[in-house]
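Below is one structure, written out as structure tokens; the observations come after it.
Everything numeric in this text was worked out from a predicted model, so none of it was measured. Ligands are counted one by one from 1 in listed order, and the atoms in each one are counted from 1 as well. Any value given below was found using the heavy atoms of this structure, including those in side chains, with hydrogens, waters and symmetry copies removed.
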Amino acid sequence: MIIVLFGAPGVGKGTVAEILCRRYGIPHVSTGDILRTHIAKKTEAGEKIREFVDAGFLVPDEIVTEVVRDRVGKTDCAKGFLLDGFPRTVEQARELDKIAAERGEKIHVFNIDVPEDVIVRRLCARRICPKCGAIYNLEFRPPKKDMLCDCCGAALAHRHDDRDEIIKVRLREYGKMTKPVLDYYGKKGMAAHASGLYSEEVINKIVGVLEKK
Ligand SMILES: [Zn+2]
């Protein structure tokens, strides 16, 4: 089983991914994590990746595909995997088709859809602990003591990019960036929309599609 998740910042993709991975016993393969690990371990690929990142460029498709291919070849991916942050381009999507064909597996693509005003409200209510990194949400997961971290007691902060106008710009950029890949899957009839206000709703829809057969 190969699951591909798309979702703008603030749709709760991390939560959805975590629950699906637990349910199906597959690893959560995040491109961002893989790239960071390669950089941290100073692998051959990591050194190349660092050059692009430092220069402010996107990491080229060949390098991203190579490290993803390497990751999903590991034994924990034998039963399948969930991809997050890949494919980002049509070229990467074609490469993923090849990987799936080699493994004889089907790709299930889901686009998590949450109304923009809900995302904006949710991200605006987000607070993070600058000391330990814990994340709170004034609506869903408020700290026990007013604006202080439950774990370490530090004063919570509002991230600069969790503000209205900036969120809207990020959402627009995300939409522009993913459109070609979603169109690619849409034309092949492969992409399903998983819309919902809450993660449970989104997960139920995804599970419904996956377990229909
Ligand atoms: Zn803290």
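- For the pair Arg141 and Tyr136, the cation sits on the ring face: its NZ or CZ lies under 6.0 Å from the ring centre, inside 45° of the axis.
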Self-check item: Residues Tyr198, Asn204; criterion side chain to side chain donor-acceptor pair (under 3.5 Å); working and verdict
Solution: CA-CA 10 Å; Tyr198 299 102; Asn204 286 340; over 6 Å; no
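- Taking each heavy atom of Leu138 and Pro142 in turn, the nearest pair found is O-CB, 4.0 Å.
- With the Zn ion (ligand 1) as the vertex, atom SG of Cys129 and atom SG of Cys132 span an angle of 110° (nearest 10 degrees).
- Side-chain contact between Asp84 and Lys13 is present, with at least one heavy-atom pair separated by less than 4.5 Å.
- Taking the Zn ion (ligand 1) as the apex, the angle formed with SG of Cys149 and SG of Cys152 is 110°, to the nearest 10 degrees.
- In summary, no N, O or S atom of Cys151 is located under 2.8 Å from the Zn ion (ligand 1).
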